[in-house]
Number of protein chains: 2
Amino acid sequence: MASANRTEFAVLGLLALGARSGYDIKKMADDALGHFWNESFGHIYPILKRLEQRDWVTKSVEPQEGRPDRKVYALTPAGHEALQEWFASPIEPVPPREELLLKLFLGPLTPPAALIEQVEQYRAAQREDLAQLDGLVKQVEREESNNPGLPFWLLTVDHHRAMLRARLRWSADALTRLRSLIGGNVPVS
Amino acid sequence: MASANRTEFAVLGLLALGARSGYDIKKMADDALGHFWNESFGHIYPILKRLEQRDWVTKSVEPQEGRPDRKVYALTPAGHEALQEWFASPIEPVPPREELLLKLFLGPLTPPAALIEQVEQYRAAQREDLAQLDGLVKQVEREESNNPGLPFWLLTVDHHRAMLRARLRWSADALTRLRSLIGGNVPVS
DNA sequence: GATCGCATGTAAGTGGTTACATGATTTA
DNA sequence: TAAATCATGTAACCACTTACATGCGATC
């Protein structure tokens with residue numbers, strides 16, 4: 001049971017929104033789901049094959065010249081059923097692995113400057129991420145204003161924004177605390 | 001380059017805090033790092049062997065009766081050096097994979113009730129997690145008040161708390177938005 | 001009498017990435 | 001002329017989990 005391949009359902013779900021090729025799935029994942037999901041070709045293509053063997057999708061080949069034939073996959077009723085089951089099934093929590101927090105926990109082992117540097121880089125990364133996301137939202141709201149899926153997408157965006165802002169607040173606080181920790185330990189020069 | 005085994009450094013870091021056995025590392029990870037880090041025996045033991053081969057740690061055997069000998073590992077100077085390098089090196093971002101957001105994005109494909117159920121379960125999980133963490137903090141502040149590492153540990157806790165609170169706020173908002181989305185689409189019965 | 005804590009490890013499997021292999025067409 | 005876009009796939013590798021194997025002693 002345990003893990004129950006989530007990528008399979010990501011692929012299946014994108015196909016449920018409309019028939020697509022492996023290449024298209026990758027592109028859509030990068031463009032629309034980029035802030036909360038990630039896929040690689042090396043994973044997508046084998047999964048597509050598996051889904052077809054399981055009769056959750058069907059393949060139709062569009063011949064092309066000068067490049068490999070385009071293979072478009074579409075959901076079968078069995079695929080729809082599997083997807084609905086997945087929708088209703090509980091989400092299993094992913095075991096956490098946060099490298100920054102690991103470094104922070106081990107903080108007493110390293111010069112404080114290294115630690116502060118790490119937190120500052122983290123902070124800069126969140127800020128940049130937030131700015132980029134805001135830009136994306138503006139663009140999408142312009143171009144996809146008629147897309148009925150837009151409100152759902154915005155829900156995912158706002159989740160990410162909430163996380164980024166929380167991390168920005170935390171890191172500001174963490175920096176002042178780290179600096180005062182040093183102040184308390186460092187001898188007056 | 002790419003991934004550069006983070007668990008190796010987690011193990012190395014815990015050993016830098018004090019010589020320990022594989023069993024102890026696992027216990028410590030569960031107890032103190034549980035909210036941001038995760039390790040399994042099946043991973044720890046082979047890593048310990050690797051670290052020893054690389055001369056980053058040394059092994060000393062404490063014979064025992066009625067159970068396997070205890071093998072205590074301690075950092076070497078080379079291990080310390082490797083750890084310091086890791087401290088200074090940038091953190092590579094982990095590609096995201098958030099199943100709830102995937103379901104939300106695919107929202108138009110499923111009955112809204114299923115979606116709301118998922119968000120409510122998520123919300124309940126965050127709440128429970130927060131309560132449990134608060135309990136742990138109280139206990140640790142009592143028992144480890146003299147531990148010089150405490151402020152660093154609290155930094156990691158506050159990160160987690162900030163995340164949990166942000167998710168609670170987001171999910172409350174998401175639920176009202178989801179319900180109004182339904183309201184707008186469901187025919188009057 | 002069952003479960004938990006102590007204590008080690010291995011083998012099999014999963015989920016995933018990266019690099020490789022191929023190559024035409026379009027855009028900067 | 002370099003690069004991105006289109007388009008498929010495979011092979012090698014990596015990080016990690018789970019299940020298995022073993023078994024004593026203490027606690028519930």
Side-chain angles (χ1 to χ4, degrees), chain A residues 1-12 19-31 33-34 37-53 57 59-73 86 92-99 102, chain B residues 1-12 19-31 33-34 37-53 57 59-73 86 92-99 102:
Chain A
M1 199 147 281
S3 188
N5 208 327
R6 295 133 76 233
T7 293
E8 272 177 11
F9 291 101
V11 169
L12 206 60
R20 272 177 189 80
S21 67
Y23 187 89
D24 291 341
I25 287 169
K26 167 67 171 157
K27 218 178 114 199
M28 193 165 177
D30 288 350
D31 294 351
L33 320 184
W37 204 263
N38 171 270
E39 290 302 340
S40 63
F41 283 126
H43 206 193
I44 290 173
Y45 286 121
I47 279 177
L48 247 14
K49 196 181 273 185
R50 247 145 65 195
L51 294 180
E52 201 197 349
Q53 279 164 4
V57 302
K59 174 169 66 180
S60 64
V61 181
E62 292 176 6
Q64 296 196 128
E65 282 159 48
R67 69 184 59 162
D69 291 348
R70 202 175 127 83
K71 297 174 184 178
V72 176
Y73 295 85
W86 171 73
E92 10 176 352
V94 179
R97 261 208 178 75
E98 302 217 41
E99 203 175 336
L102 181 58
Chain B
M1 199 144 284
S3 188
N5 207 326
R6 295 137 73 236
T7 292
E8 272 177 12
F9 291 101
V11 169
L12 206 60
R20 272 178 190 77
S21 67
Y23 186 90
D24 290 341
I25 287 170
K26 168 67 170 156
K27 220 179 111 198
M28 193 163 175
D30 288 351
D31 294 350
L33 322 183
W37 204 263
N38 172 270
E39 291 302 339
S40 63
F41 282 125
H43 205 194
I44 290 172
Y45 285 120
I47 279 177
L48 247 14
K49 196 181 275 184
R50 247 145 66 196
L51 294 181
E52 201 196 348
Q53 279 163 5
V57 302
K59 175 169 66 179
S60 64
V61 181
E62 293 177 5
Q64 296 197 128
E65 280 159 49
R67 71 185 56 162
D69 291 348
R70 204 176 128 83
K71 297 175 183 177
V72 176
Y73 296 85
W86 171 73
E92 10 177 353
V94 180
R97 261 209 178 73
E98 302 217 39
E99 203 175 337
L102 181 59

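Reckoned from all heavy atoms, side chains included, excluding hydrogens, waters and symmetry mates. What you see is a predicted model, and the numbers here were worked out from it, not measured in a lab. Chain A is the first sequence line, chain B the second, and so forth, proteins listed ahead of strands; every chain is numbered from 1.
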Check: D:dT10, C:dA7, C:dG16: which one has an atom nearest the side-chain heavy atoms of B:Arg70?
Finding: C:dA7
Next item on the list: Could you please spell out the steps behind the side-chain contact (heavy atoms from CB on, under 4.5 Å) verdict for B:Val61 and B:Val72?
Entry: CA-CA 6 Å; B:Val61 181; B:Val72 176; over 6 Å; no
Checklist line | Donor-acceptor under 3.5 Å (B:Lys26 side chain, B:Glu39 main chain) | finding: yes
Next item on the list: Tell me which of A:Lys71 and B:Gly66 sits closer to the 5' end of DNA chain D, going by the nucleotide each one is nearest to.
Entry: A:Lys71
Margin query: Output the rounded distance in Å from CD1 (A:Ile47) to P (D:dT8).
Written below: 15 Å
Check: Is it true that A:Arg50 and A:Glu8 have a side-chain N and a carboxylate O under 4.0 angstrom from each other?
Finding: yes
Item checked: Flag side-chain contact, heavy atom, 4.5 Å: A:Arg70 against A:Ser21 -> yes
Note to self: Side chain of A:Asn5 only, heavy atoms from C-beta on: which candidate in C:dT10, C:dG16, D:dC16 is closest?
What the structure shows: C:dG16
Checklist line | B:Arg97 side-chain proximity, nearest of C:dT17, D:dC16, C:dT10 | finding: C:dT17
Check: Contact class for A:Gln64 (heavy atom, under 4.0 Å): base, sugar-phosphate, or nothing?
Finding: sugar-phosphate
Note to self: Quick test of your reading of the model: are A:Asp31 and A:Lys27 salt-bridged, counting only N-O distances below 4.0 Å?
What the structure shows: no
Check: Can a side chain N or O of A:Asn38 be found less than 4.0 Å away from OP1 or OP2 on C:dG16?
Finding: no
Item checked: A:Tyr73 to A:Glu52 - nearest heavy-atom pair and separation -> CE2-OE1, 4.4 Å
Notebook entry, point to check: Taking the side chain of A:Tyr45 as heavy atoms from C-beta outward, which of C:dT8, D:dG9, D:dC16 is closest to it?
Noted result: D:dG9
Next item on the list: For the side chain of A:Pro68, starting at C-beta, report the closest nucleotide among D:dT8, C:dA7, D:dC16.
Entry: D:dT8
Margin query: If I take atom CZ in residue A:Arg6 and atom P in nucleotide D:dT17, what distance separates them, rounded to the nearest angstrom?
Written below: 13 Å
Margin query: If the cut-off is 4.0 Å, is A:Ser40 near the phosphate of C:dT18, judged by side-chain N/O to OP1 or OP2?
Written below: no
Check: Of the candidate nucleotides D:dG9, C:dG9, D:dT17, which contains the atom at the shortest distance from the side chain of B:Lys49?
Finding: C:dG9
Next item on the list: Round to the nearest Å and state the distance from A:Ile44 atom CD1 to C:dG15 atom C1'.
Entry: 14 Å
Notebook entry, point to check: What is the distance, rounded to the nearest whole Å, between atom CD of B:Glu8 and atom C1' of D:dC14?
Noted result: 11 Å
Next item on the list: Rounded off to whole Å, could you give me the CD-to-P distance for the B:Glu92 and C:dT17 pair?
Entry: 14 Å
Notebook entry, point to check: So, are B:Glu98 and A:Arg6 salt-bridged, with charged N and O less than 4.0 Å apart?
Noted result: no
Item checked: For atom CZ of B:Arg67 and atom P of C:dC6, their distance in whole Å -> 8 Å
Notebook entry, point to check: Counting only N and O atoms by type, is there a donor-acceptor contact under 3.5 Å from the side chain of A:Asp69 to the main-chain atoms of A:Gln64?
Noted result: yes
Check: What are the residues of residues 23-31 of chain B, sorted by number, that bring a heavy atom to within less than 4.0 Å of DNA chain C?
Finding: B:Tyr23, B:Lys27
Check: What is the distance, rounded to the nearest whole Å, between atom CG of A:Asp69 and atom C1' of D:dT8?
Finding: 9 Å
Notebook entry, point to check: Nearest-Å distance, CZ (B:Arg20) to P (C:dA7)?
Noted result: 13 Å
